[in-house]
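Reviewing the structure listed below.
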Amino acid sequence: MSTISDTDDLFFNRIGLDRRRLDAIVSDALTGADDGELFLEYRQSESLVLDDGCLKSAGFDTAQGFGLRAVSGEVTGYAHATDVSEEAVRRSGESVASVCHGHGGTMALPPARTNRALYTAENPLTLVPFEAKTKLLAEIDAYARGKDARVCQVIASLAGEWQAVHVVRSGGEHAADIRPLVRLNVSVVVEQNGRKETGGHGIGGRVAYERFLDAATWRDAVDEALRQALVNLEAMPAPAGEMTVVLGPGWPGILLHEAIGHGLEGDFNRKKTSAFAGLLGQRVAAPGVTVVDDGTIPDRRGSLSIDDEGTPSQHTVLIEDGILTGFMQDRMNARLMGTASTGNGRRQSFAHRPMPRMTNTYMLAGPHAPDEILRSVKKGLFAVAFGGGQVDITSGKFVFSCTEAYRIEDGRLGAPVKGATLIGNGPDVLTRVGMVGNDMMLDPGIGTCGKDGQGVPVGVGQPTLLIENLTVGGTAL
């Protein structure tokens with residue numbers, strides 16, 4: 001379990017910061033502010049990429065710095081630096097204090113403390129030697145090529161980081177967290193009769209590397225990437241038009257994340273730029289649709305023992321049985337909306353201000369078996385995996401490309417199709433959910449969410465879903 005003492009060596013003993021003097025500097029800087037904090041960060045990260053049997057790149061980086069924030073009403077003063085010294089923090093304090101001039105703010109109460117540890121505090125980068133990591137990637141390459149003679153290219157990558165954060169608030173309040181993060185990705189290209197297709201699969205989480213060194217784990221990832229590539233070899237042009245669409249469980253929850261999740265973040269609703277603004281307590285989805293954001297799931301990619309403001313993460317119900325019940329909040333937007341933070345204040349690094357972001361966002365299971373859902377569709381599309389997409393938060397309109405999809409004909413899966421895109425409106429799609437499966441699944445641990453130029457790790461998930469009358473863009477003539 002990570003505690004404040006775990007980060008003392010990094011930010012106080014090693015660097016030489018004095019805790020009492022630092023507390024005084026932060027308290028002085030935030031005098032008259034409504035809120036604010038000093039965010040200290042130390043991060044080690046590495047990545048290795050093997051392409052066609054050769055180690056294409058291997059990098060290791062260490063970064064440290066701080067960000068000091070003062071909040072007055074809706075105005076934020078923010079300063080950051082890589083020089084983690086008392087003098088640098090003091091100079092930053094003089095800069096951010098300017099937002100408090102002429103404002104008689106009362107400092108908001110600090111977040112509640114937590115004694116939960118959702119992941120190991122051990123550094124995954126140092127637990128496994130470099131040679132073992134490169135051997136793993138080489139074994140992946142050899143295994144993939146040995147599985148099928150049509151494999152013509154294999155790209156395998158391994159990435160990890162170890163992040164320590166320490167939050168200091170006015171009055172000497174401290175909170176800390178140490179976060180591991182590991183991800184393995186496999187991409188396989190196959191060729192048959194001059195046609196090339198690609199399949200990919202990734203796995204990850206807030207765990208150590210040992211899990212990925214297990215042959216059963218990485219072979220499953222390779223098998224899945226190869227399966228997708230071989231399916232795409234047989235794919236036909238996708239149909240187009242308005243039709244019933246069945247979304248598979250797990251990773252297709254990325255559509256839920258993008259088309260709906262961002263619209264449930266506090267800042268968009270406070271500013272009334274979300275399609276869900278002003279609808280709290282009203283029906284926004286079909287009965288049976290319940291959506292939650294849960295940062296408390298052990299070892300998951302999007303989980304946090306505390307968020308980047310020091311607030312413990314929570315299990316937050318956003319939509320319950322079709323009724324909008326809440327939003328994801330950081331401290332500033334929660335205060336301005338007269339509610340409490342839900343532990344969703346997140347930032348990419350010390351150089352970025354926090355804002356409300358998702359953690360692990362997913363839809364709960366329903367009563368229907370997946371086979372029952374498929375049998376109910378006479379003609380439609382079964383979408384299993386998604387690639388890129390675009391979303392307009394204000395209107396809720398989205399466009400998503402399918403990387404694996406199939407025709408549904410007379411209640412059975414038909415031929416795989418290529419080039420399908422799903423086009424719709426997030427809030428509208430929620431009302432078109434006709435059946436919710438009993439097979440809720442989380443993604444394998446690969447999600448990264450972008451917002452206002454910041455990227456943070458997240459998780460998504462959902463059960464099998466039937467959506468009626470969704471527009472499909474296709475390539476079939």
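For the single chain, residues carry numbers from 1 onward in sequence order.
Note: Leu318 CG to Leu324 CG = 8.0 Å, rounded to the nearest 0.5 Å. Atom-to-atom distance recorded for Asn123:CG and Gln44:CD is 5.0 Å, nearest 0.5 angstrom. The structure places CZ of Phe350 at 9.0 Å from CZ of Arg43, a figure rounded to the nearest 0.5 Å. Rounded to the nearest 0.5 angstrom, Ile467 CD1 and Leu255 CG are separated by 6.5 Å. To the nearest 0.5 Å, atoms CD1 (Ile319) and OG1 (Thr290) are separated by 8.5 Å. Within the model, atoms OG1 of Thr361 and CG of Leu264 stand 8.5 Å from one another, a figure rounded to the nearest 0.5 Å.
In this structure, the side chain of Tyr78 does not engage the main chain of Pro354 through any donor-acceptor pair within 3.5 Å. A donor-acceptor contact shorter than 3.5 Å links the side chain of Ser274 to the backbone of Gly263. Panel note: side chain Ser92, backbone Ala88; a donor-acceptor pair is recorded below 3.5 Å. The main-chain N or O of Asp23 is found under 3.5 Å from a side-chain atom of Ser27 such that the two form a donor-acceptor pair. No donor-acceptor pair under 3.5 Å is formed between the side chain of Asp293 and the backbone N or O of Thr316. At least one donor-acceptor pair closer than 3.5 Å links the side chain of Arg357 to the backbone N or O of Cys449. For Arg346 (side chain) and Met358 (main-chain N/O), a donor-acceptor pair under 3.5 Å exists by modelled atom type. Remark: side-chain polar atoms of Thr82 are not paired, donor with acceptor, to backbone N or O of Gly65 under 3.5 angstrom. For Tyr209 (side chain) and Ala132 (main-chain N/O), no donor-acceptor pair under 3.5 Å exists by modelled atom type. Panel note: side chain Asp177, backbone Val165; no donor-acceptor pair is recorded below 3.5 Å.
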Let's go through Arg335 and Asp34 carefully: what are the C-alpha distance in whole Å and the side-chain angles of both, what is the deciding distance for salt bridge (Lys or Arg N to Asp or Glu O under 4.0 Å) to 0.1 Å, and is it a yes or a no? CA-CA 9 Å; Arg335 175 174 50 81; Asp34 292 322; 3.7 Å; yes

Going through the distances and angles, do Phe60 and Leu125 end up as a side-chain contact (heavy atoms from CB on, under 4.5 Å)? CA-CA 10 Å; Phe60 184 90; Leu125 280 62; 3.6 Å; yes

Evaluate the side-chain contact (heavy atoms from CB on, under 4.5 Å) criterion for residues Arg90 and Arg21: first the C-alpha distance (whole Å), next the side-chain angles of each, then the deciding distance (0.1 Å), finally the verdict. CA-CA 10 Å; Arg90 183 177 289 106; Arg21 290 198 299 267; 5.7 Å; no

One pair to check against salt bridge (Lys or Arg N to Asp or Glu O under 4.0 Å): Arg353 and Asp330. What are the steps and the verdict? CA-CA 11 Å; Arg353 63 178 180 83; Asp330 64 348; over 6 Å; no

Evaluate the side-chain contact (heavy atoms from CB on, under 4.5 Å) criterion for residues Val436 and Leu465: first the C-alpha distance (whole Å), next the side-chain angles of each, then the deciding distance (0.1 Å), finally the verdict. CA-CA 5 Å; Val436 181; Leu465 294 179; 4.0 Å; yes

Between Glu41 and Arg179, does the salt bridge (Lys or Arg N to Asp or Glu O under 4.0 Å) criterion hold? Intermediate values first, please. CA-CA 11 Å; Glu41 178 187 17; Arg179 307 164 180 166; over 6 Å; no

Given salt bridge (Lys or Arg N to Asp or Glu O under 4.0 Å), test Arg145 with Asp52 step by step and report yes or no. CA-CA 10 Å; Arg145 294 178 186 279; Asp52 268 347; 2.6 Å; yes

Give the C-alpha distance, both sets of side-chain angles, the deciding distance and a yes or no for side-chain contact (heavy atoms from CB on, under 4.5 Å) between Glu191 and Glu197. CA-CA 7 Å; Glu191 183 175 9; Glu197 295 292 347; over 6 Å; no

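With a 4.5 Å cut-off on side-chain heavy atoms, Lys451 and Asp267 count as touching. Under the 4.5 Å side-chain criterion, counting only non-hydrogen atoms from C-beta, Arg219 is in contact with Tyr143. In this structure, the side chains of Leu48 and Leu137 come closer than 4.5 Å at one or more pairs of heavy atoms. Within the 4.5 Å cutoff, the side chain of Gln153 has no heavy atoms near those of the Lys196 side chain. With a 4.5 Å cut-off on side-chain heavy atoms, Pro457 and Leu181 count as touching. By the 4.5 Å heavy-atom criterion applied to side chains, Leu50 and Thr134 are not counted as neighbours. Residues Leu422 and Leu247 are in side-chain contact: their nearest non-hydrogen atoms beyond the backbone lie under 4.5 Å apart. Gln329 has its side chain within reach of Thr342: a pair of non-hydrogen atoms, C-beta onward, lies under 4.5 Å apart.
Between Arg331 and Glu37 no salt bridge is recorded (no basic side-chain N to carboxylate O distance below 4.0 Å).
Shown are Thr421, Val429, Ile423; of these, the side-chain contact (heavy atoms from CB on, under 4.5 Å) with Phe398 is made only by Val429.
Taking every heavy atom of both residues into account, Phe386 and Cys402 meet most closely at CE2-SG, 3.7 Å. Taking every heavy atom of both residues into account, Ala164 and Thr7 meet most closely at CB-CG2, 4.3 Å. The two residues Val460 and Tyr362 come nearest to each other via the heavy atoms C-CB, 4.5 Å. Here the closest non-hydrogen pair linking Val167 and Glu309 is CG1-O, 3.8 Å. Across all their heavy atoms, Ala225 and Val188 have their closest contact at CB-CG2, 4.0 Å. When every heavy atom of Leu304 is checked against every heavy atom of Leu118, the shortest pair comes out as O-CD1, 3.4 Å.
Counted within 6.0 Å of NZ on Lys397, heavy atoms from surrounding residues, nucleotides or ligands total 12 or fewer; the atom is thus considered open. Heavy-atom contacts from other residues, nucleotides or ligands closer than 6.0 Å to CD of Glu210 number more than 12.
Between Phe12 and His166, the two ring planes are perpendicular [angle over 60°; tilted spans 30° to 60°].
Using modelled atom types, one finds a donor on one side chain and an acceptor on the other under 3.5 Å when comparing Asn360 with Ser303.
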